[in-house]
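The residues of the chain are indexed from 1 along the displayed sequence. A quick note: this is a predicted structure, and the numbers were derived from the prediction, not measured.
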Amino acid sequence: MKKLSKKTLNKSYLSWFYGNLTCFSQEHMQTFGYLCAMLPVVEELYDKKEDQKKALQTYTAFFNTEPQIGSLVVGMTAGMEEAKANGQPIDGDAINGIRAGLMGPLAGIGDSLIVGTLIPILLGIGLGLSADGSPLGAIFYIVVWNLLMWFGMRFAFDKGYSLGGKAVEILVGEQAQAVRDSILMVGTVVIGAVAASWINITTALPLPGGGMLQATLDGIFPKMLSAATVFFCWWLMTKKNISPTAVMGLLVIIAFAGVLIGFFDPGLSY
């Protein structure tokens, strides 16, 4: 029976801790950081290079979450990969489904607890300690933040790894499909909420008989243009296999043309 060594788990954790934003870009975000973290795991579990390449293909899919809380996902997939290497009925699609389903909800939790709560609290204490120009506040923040992140991320990673094997039982049992669908549904809801909150596209085009097109659209379906843009981008990337970078470039062209013809109004004065 194959078992990941403590040395390999430490290497995987350190790769994520120091390199979760490796080769970060708007197209891939944390994909390559995740891939680096899984590399020692795959190398120890599979002897043949072809098996290693096949296993690593699972982790080339897009991934982005809150890095600290996200260590839970890395540890979990390490445990699942270990179970997969031991012949458990689980495949790369199942692992990717868990990754995709958890990254959104965990990003929301991590951003709220860490970025929105913990960091402001630590900074507030640090600013108070440095009110008279003392360097103590900066030292406090650097030391406390790094200690909390080191032990917190390690705790999440280890818990994820221990859950990985148990997750296999859930994923291949009688209710496996329901569990996987539920996780994916939660992720989809979070993505939908983010799109509704952060994407706001309106038109400044007047109607021939008076009034504004935007007011008419709002009466039919609020944020119709925003929803149409999301679906348009989804269609381009999933159905036409256009890269996210090319899609962003196309959106810039559409926005520029829309401003020229008066469909969009950026509210700028020259």
Can you find a heavy atom in the side chain of [X] that is under 4.5 Å from one in the side chain of [Y]?
X      : Y      : answer
Leu213 : Phe263 : yes
Val41  : Met38  : yes
Tyr161 : Val74  : no
Arg99  : Tyr34  : yes
Phe140 : Leu122 : yes
Leu35  : Gln57  : no
Ile199 : Val230 : yes

Inset, instruction - Compute whether any side-chain donor of one residue and acceptor of the other, for Glu44 and Thr8, lie under 3.5 angstrom apart. - result: yes
Inset, instruction - Would you check if there is a donor-acceptor pair between the side chains of Ser226 and Thr229 at a distance under 3.5 Å? - result: no
Say you draw a straight line from [atom1] of [X] to [atom2] of [Y]; how long is it, rounded to the nearest 0.5 Å?
X      : Y      : atom1 : atom2 : result
Ile69  : Ile114 : CD1   : CD1   : 4.0 Å
Gln214 : Leu207 : CD    : CG    : 10.5 Å
Leu147 : Met149 : CG    : CE    : 10.0 Å
Lys7   : Ser12  : NZ    : OG    : 14.0 Å
Trp16  : Arg154 : CH2   : CZ    : 15.0 Å
Met212 : Thr203 : CE    : OG1   : 7.0 Å

Inset, instruction - Using the test side chain to side chain contact (heavy atoms under 4.5 Å, CB included), find all partners of Glu43 that sit at least two apart in sequence or belong to another chain. - result: Leu39, Gln52
Inset, instruction - Show your working on side chain to side chain contact (heavy atoms under 4.5 Å, CB included) between Leu148 and Val144 and close with a plain yes or no. - result: CA-CA 6 Å; Leu148 288 176; Val144 174; 3.7 Å; yes
Legend entry - Test of ring centre spacing under 6.0 Å for Phe24 and His28: no
Inset, instruction - Taking the six-membered ring for Trp and the full ring for Phe, Tyr or His, determine whether the centres of Phe155 and Trp150 are under 6.0 Å apart. - result: no
Cluster check [X], [Y]: I/L/V/M/F/W/Y, side chain < 4.5 angstrom:
X      : Y      : value
Leu129 : Leu127 : no
Ile201 : Leu260 : no
Ile142 : Ile125 : no

Keeping [X] on the side-chain end and [Y] on the backbone end, is there a donor-acceptor pair under 3.5 Å?
X      : Y      : answer
Thr31  : Phe63  : yes
Glu82  : Leu4   : yes
Thr22  : Gly19  : yes
Ser134 : Ser130 : no
Thr65  : Met103 : yes
Gln30  : Gly33  : no

Legend entry - side chain to side chain contact (heavy atoms under 4.5 Å, CB included) evaluation trace for Ile95 with Tyr59: CA-CA 9 Å; Ile95 295 176; Tyr59 306 101; 3.8 Å; yes
Inset, instruction - Quick one: list whatever passes salt bridge (charged side-chain N to carboxylate O under 4.0 Å, His left out) with Asp218, sequence neighbours left out. - result: none
Inset, instruction - Not counting sequence neighbours, which residues clear salt bridge (charged side-chain N to carboxylate O under 4.0 Å, His left out) with Lys2? List them please. - result: none
Legend entry - Nearest non-hydrogen partners of Pro67 and Met153, listed with the distance: O-CE, 3.7 Å
Inset, instruction - Assess whether atom NZ of Lys11 is packed by more than 12 heavy atoms of other residues, nucleotides or ligands within 6.0 Å. - result: no
Legend entry - Residues that Tyr141 engages under side-chain hydrogen bond (donor to acceptor under 3.5 Å, both in side chains), provided they are two or more places apart: none
Inset, instruction - Could you list all the ring-ring contact (aromatic ring centres under 6.0 Å, His included) pairs where at least one residue sits in residues 199-232, not counting sequence neighbours? - result: none
Table please: side-chain donor-acceptor pairs of residues 238-258 below 3.5 Å, with sequence neighbours left out.
residue	atom	partner	partner atom	Å
Thr238	OG1	Trp234	O	2.6
Ser243	OG	Ala246	N	3.2
Thr245	OG1	Glu27	OE1	2.9

